[in-house]
Number of protein chains: 2
Amino acid sequence: MDKKAIAEQLKLDLLLCFSAYSLSHAFSRFYRPMLDKLGLTYPQFVVMMVLWENGKITMKALTDLVMLESNTLTPLLKKLEAAGLVKRTRNRDDERVLDIEITEAGLALKADGQMAAVELALASGEDIDGVMEMQQRMARMRDSVRAKLEAT
Amino acid sequence: MDKKAIAEQLKLDLLLCFSAYSLSHAFSRFYRPMLDKLGLTYPQFVVMMVLWENGKITMKALTDLVMLESNTLTPLLKKLEAAGLVKRTRNRDDERVLDIEITEAGLALKADGQMAAVELALASGEDIDGVMEMQQRMARMRDSVRAKLEAT
DNA sequence: CGAAATTCAATCGCGTGCGATTTAATCGTC
DNA sequence: GACGATTAAATCGCACGCGATTGAATTTCG
């Protein structure tokens with residue numbers, strides 16, 4: 001069966017992309033009640049996850065880790081700073097660089113935030129091995145697609 | 001290992017949610033060059049996918065299929081209508097209902113649109129069976145998480 | 001029949017994502 | 001050392017997502 005024949009069979013609920021798209025939305029909705037209590041949005045939670053692990057990081061390194069750019073992260077980080085969870089300072093050695101550091105208040109959310117991620121895994125319907133396998137295969141697909149796009 | 005012990009081990013690149021989140025973004029970015037040629041955004045493509053299959057549908061049925069609400073779809077559909085790809089009309093039998101119908105111009109994009117989805121599957125790094133398995137397991141996780149949230 | 005409840009779509013406000021551009025700082029090369 | 005190239009972050013505009021609300025049409029039930 002060639003590409004065109006496959007294409008003609010495609011329906012929304014058979015699309016790889018729609019499964020990922022709707023899965024990501026479902027995850028975000030599942031988190032919402034828990035993250036609301038912490039005063040975080042889901043993308044803010046992702047950034048906090050990095051800071052809970054690293055404590056301090058540059059904007060550049062953060063963009064690489066979360067795979068979002070400064071045009072998305074700058075306003076988000078300003079909100080986290082306004083909420084007192086993060087401190088933003090220019091790097092002394094290179095004024096182009098923005099250093100981002102977690103505050104005490106930000107660290108205080110770590111346990112609850114990480115617990116939310118565990119609750120999600122438990123709600124996924126997969127056992128621990130299944131969760132790990134899916135996590136790895138989704139990351140592998142992501143990296144494959146990113147590499148293919150880059151190669152264009 | 002209990003929940004708390006698991007939580008303490010968690011890093012961003014081990015999170016199920018981040019794999020789904022970054023995968024969905026990567027898919028959207030991969031589609032962009034192809035969809036730009038069709039003048040569609042990724043969410044618009046999802047809606048067109050439904051219309052390529054069904055031709056005509058109500059807003060209510062569409063919200064169920066794509067798992068987005070009218071507050072998201074109303075402006076999106078108005079853009080598709082402005083682009084001449086879709087026709088929006090009130091249902092004669094029940095004025096609350098909005099009927100959405102694909103136009104000739106909308107149908108003309110079907111082959112190229114569906115081909116984009118095939119290109120994505122080919123770029124995923126999985127073989128055909130792997131793509132199908134991942135598609136189904138992601139959909140199953142989504143449905144499980146949705147059910148758990150509903151049960152709250 | 002008629003008022004209250006329900007259903008459906010639309011509107012509004014806010015927080016992402018992201019292409020495109022801008023501004024500022026540093027680097028590389030002569 | 002100077003100046004063009006590069007790099008980092010911020011800014012701007014537009015298109016989602018979605019909670020909350022509104023408004024209009026229909027259904028339900030007394």
Side-chain angles (χ1 to χ4, degrees), chain A residues 17-18 20-33 35-36 38-48 57-64 66-83 88-100 146 149, chain B residues 17-18 20-33 35-36 39-48 57-64 66-83 86 88-100 146 149:
Chain A
C17 61
F18 182 69
Y21 177 68
S22 55
L23 176 63
S24 183
H25 286 160
F27 281 176
S28 173
R29 290 168 198 150
F30 183 84
Y31 273 129
R32 190 176 302 272
L35 294 185
D36 277 351
L38 305 183
L40 295 174
T41 64
Y42 174 69
Q44 288 167 7
F45 163 75
V46 168
V47 168
M48 291 305 292
I57 193 171
T58 65
M59 172 69 97
K60 176 71 178 130
L62 184 61
T63 61
D64 288 343
V66 304
M67 302 179 191
L68 296 170
E69 295 177 43
S70 69
N71 51 7
T72 296
L73 293 179
T74 293
L76 187 157
L77 287 165
K78 285 185 174 176
K79 277 167 204 120
L80 290 180
E81 186 172 44
R88 298 163 67 251
T89 46
R90 286 287 156 186
N91 187 299
R92 273 274 173 235
D93 297 339
D94 186 340
E95 290 278 340
R96 290 174 303 181
V97 173
L98 185 74
D99 288 322
I100 302 149
R146 281 163 61 89
L149 181 59
Chain B
C17 61
F18 182 69
Y21 177 68
S22 54
L23 177 64
S24 183
H25 286 159
F27 281 177
S28 173
R29 290 167 196 149
F30 183 82
Y31 273 130
R32 191 176 302 274
L35 295 185
D36 276 352
L40 294 174
T41 65
Y42 174 69
Q44 289 168 5
F45 164 74
V46 168
V47 168
M48 290 305 292
I57 194 171
T58 66
M59 171 70 96
K60 177 70 177 129
L62 184 61
T63 61
D64 290 343
V66 304
M67 302 178 191
L68 296 169
E69 295 175 43
S70 68
N71 50 8
T72 297
L73 292 180
T74 293
L76 187 157
L77 286 164
K78 285 184 176 178
K79 278 165 205 125
L80 290 180
E81 186 173 44
V86 148
R88 296 162 68 251
T89 47
R90 286 285 155 186
N91 187 301
R92 274 275 171 230
D93 296 339
D94 187 340
E95 289 278 340
R96 290 174 302 183
V97 173
L98 185 75
D99 289 321
I100 302 149
R146 280 163 62 89
L149 180 59

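Below, chain A is the first sequence line, B the second, and so on; all start at residue 1.
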**Q** Between B:Tyr21 and C:dG17, is there a contact of a side-chain N or O with OP1 or OP2 at under 4.0 Å?
**A**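 Result: yes.
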**Q** Would you call B:Pro33 and A:Leu149 a side-chain contact if the rule is heavy atoms closer than 4.5 Å?
**A**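 In contact.
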**Q** Would you compute the distance between atom CG of A:Leu35 and atom OG1 of A:Thr41 and round it to the nearest 0.5 angstrom?
**A**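 A:Leu35 CG to A:Thr41 OG1: 8.0 Å, rounded to 0.5 Å.
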**Q** Is B:Leu77 close to B:Leu62 at the side-chain level, that is, under 4.5 Å between some pair of heavy atoms?
**A**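 The answer is yes, as the side chains (C-beta and beyond) meet within the 4.5 Å cut-off.
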**Q** Which is true for A:Asp93 with a 4.0 Å heavy-atom rule: it touches a base, it touches only sugar-phosphate, or it touches nothing?
**A**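 Sugar-phosphate only.
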**Q** Between A:Leu35 (CG) and C:dT16 (P), how many Å, whole number?
**A**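 Rounded to whole Å, this separation is 11 Å.
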**Q** Encode nucleotides 1-12 of chain C as B, S and - characters from 5' to 3', where the letter depends on protein heavy atoms closer than 4.0 Å: B to the base, S only to sugar-phosphate, - to neither.
**A** ------BSBBBB
**Q** Between B:Arg90 and B:Glu95, is there a donor-acceptor pair closer than 3.5 Å when you use the side chain of the first and the backbone of the second?
**A**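 It does hold such a pair.
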**Q** Rounded to whole angstroms, how far apart are CE on A:Met48 and P on C:dT16?
**A**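 Between P of C:dT16 and CE of A:Met48: 13 Å.
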**Q** Distance from A:Asp94 atom CG to A:Asp99 atom CG, nearest 0.5 Å?
**A**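 One finds 9.5 Å between CG of A:Asp94 and CG of A:Asp99.
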**Q** For DNA chain D, which nucleotides open and close the run of contacts to chain A, 5' to 3', at under 4.0 angstrom from a non-hydrogen atom?
**A**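 First-to-last contact on DNA chain D, by the 4.0 Å heavy-atom rule, is D:dT7 to D:dG19.
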**Q** Under a 3.5 Å distance rule, please check whether B:Thr74 uses its side chain to pair with a backbone N or O of B:Asn71 as donor and acceptor.
**A**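 Checking the backbone N and O of B:Asn71 against the side chain of B:Thr74, no donor-acceptor pair under 3.5 Å is found.
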**Q** What is the distance, rounded to the nearest whole Å, between atom CZ of A:Phe45 and atom P of C:dT16?
**A**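 The distance from CZ of A:Phe45 to P of C:dT16 comes to 14 Å, rounded to the nearest Å.
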**Q** With nearest nucleotide decided by heavy atoms, which residue, A:Glu69 or A:Glu95, maps closer to the 5′ end of DNA chain C?
**A**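 Final value for this comparison: A:Glu69.
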**Q** Determine whether the aromatic ring centres of A:Tyr42 and B:Tyr21 lie less than 6.0 Å apart.
**A**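 Between B:Tyr21 and A:Tyr42, which both carry aromatic rings, the centre distance is below 6.0 Å.
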**Q** Which atom pair, heavy atoms only, marks the closest approach of B:Phe27 to A:Cys17?
**A**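 Heavy atoms of B:Phe27 and A:Cys17 come nearest at CD1-CA, 3.6 Å.
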